[in-house]
Amino acid sequence: SNQVHQTPADLYKNQGELAKMECSHSISGYNRILWYKQSNYRELVLIGYMIGTAGYPEAGFDLEGDANAGGTSTLTIKQLTPNSSAVYYCAANPCPSGLSVELTIFHCWIFSTY
């Protein structure tokens, strides 16, 4: 069945260290993984996304790996602070091929926000 998997379920680290978490999916034709951060049960904030093997993280994060089905996207928090304590979510999303990068990102952005 089509599923998205995220590991680890819980992560405990010290301030100043780095933290890594992984996301994978088995949905054929989906080549985008989005990462969100939720602090204090508030709104989800997009902290980065991958299209195929290209990562687009926000400052303070790294993204590497493969967002295609069967691949793994790895999110790294570069330096943990008290503000890093949060719930992190990943989501798989389809992206059309054959378009320019700008159009592809825009098209996928519509998918991810509606």
Side-chain angles (χ1 to χ4, degrees):
S1 61
N2 293 339
Q3 293 186 7
V4 179
H5 298 281
Q6 189 174 343
T7 57
D10 300 287
L11 188 60
Y12 301 92
K13 290 280 190 175
N14 295 317
Q15 187 169 330
E17 294 181 342
L18 61 79
K20 287 181 180 286
M21 54 197 84
E22 296 183 341
C23 181
S24 61
H25 71 88
S26 58
I27 310 170
S28 178
Y30 281 46
N31 66 345
R32 187 175 197 238
I33 286 180
L34 304 98
W35 286 92
Y36 295 92
K37 176 182 178 182
Q38 184 184 38
S39 302
N40 300 321
Y41 303 100
R42 300 176 74 87
E43 70 275 4
L44 297 176
V45 176
L46 183 70
I47 56 173
Y49 60 95
M50 291 196 72
I51 299 177
T53 56
Y56 302 91
E58 293 295 319
F61 301 92
D62 272 335
L63 275 175
E64 57 188 354
D66 186 353
N68 292 292
T72 299
S73 170
T74 301
L75 172 72
T76 301
I77 307 173
K78 292 182 180 180
Q79 190 169 26
L80 293 169
T81 69
N83 187 51
S84 303
S85 182
V87 179
Y88 293 85
Y89 295 91
C90 71
N93 201 281
C95 223
S97 60
L99 299 176
S100 70
V101 171
E102 291 79 10
L103 286 176
T104 301
I105 292 173
F106 177 71
H107 194 100
C108 287
W109 187 256
I110 294 173
F111 269 110
S112 68
T113 54
Y114 288 89

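For clarity, every value in this text was computed on a predicted model and none was experimentally measured.
Ser73 contributes no side-chain N or O that, together with a main-chain N or O of Ala67, makes up a donor-acceptor pair within less than 3.5 Å. Judged by distance alone, the side chain of Asp66 and the main-chain N or O of Asn68 form a donor-acceptor pair under 3.5 Å. The backbone N or O of Pro82 lies less than 3.5 Å from no partner atom in the side chain of Ser85, so there is not a single donor-acceptor pair.
Taking all atoms of both residues into account, the shortest heavy-atom contact from Tyr89 to Gln38 is OH-OE1, 3.1 Å. Between Ile47 and Phe61, the shortest heavy-atom contact is CD1-CE2, 3.8 Å. Between Met21 and Tyr88, the closest heavy-atom pair is SD-CB, 3.6 Å. The heavy-atom pair separating Ser39 from Ala86 by the smallest distance is OG-CB, 3.8 Å. Summarising the geometry of Glu58 relative to Leu46, their closest heavy-atom pair is CG-O, 3.9 Å, with the distance given to 0.1 Å. Looking at every heavy atom in both residues, Glu64 comes nearest to Lys20 through OE2-NZ, 3.6 Å.
The CD atom of Gln6 sits 12.0 Å away from atom OG1 of Thr72, with the distance rounded to the nearest 0.5 Å. Between the CG atom of Leu18 and the CG atom of Leu80 there is a distance of 7.5 Å, given to the nearest 0.5 Å. Note that CH2 of Trp35 and OG1 of Thr74 are 7.5 Å apart. Values are rounded to the nearest 0.5 Å. Within the model, atoms NE2 of His25 and NE2 of His5 stand 11.0 Å from one another, a figure rounded to the nearest 0.5 Å. Note that CD1 of Ile51 and CG of Asn31 are 7.0 Å apart. Values are rounded to the nearest 0.5 Å. The CD atom of Glu17 sits 13.0 Å away from the OG1 atom of Thr81 when rounded to the nearest 0.5 Å.
Among residue pairs with one or both ends in residues 38-92, those qualifying as disulfide bond (SG atoms under 2.5 Å apart) are Cys23-Cys90; sequence neighbours excluded.
Ile27 places a side-chain heavy atom less than 4.5 Å from the side chain of Val4.
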Criterion side-chain contact (heavy atoms from CB on, under 4.5 Å) on Lys37 and Asn83, from CA distance to verdict: CA-CA 11 Å; Lys37 176 182 178 182; Asn83 187 51; 3.5 Å; yes

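There is no path of hydrophobic side-chain contacts, each under 4.5 Å, that joins Tyr49 to Leu75. Grouping the Ile, Leu, Val, Met, Phe, Trp and Tyr side chains by contacts below 4.5 angstrom, directly or via other members, places Val87 apart from Ile77. Linking ILVMFWY side-chain heavy atoms closer than 4.5 Å, directly or via other members, places Leu34 and Leu63 in two distinct hydrophobic clusters.
Within a 6.0 Å radius of CD in Gln79, no more than 12 heavy atoms belonging to other residues, nucleotides or ligands are found.
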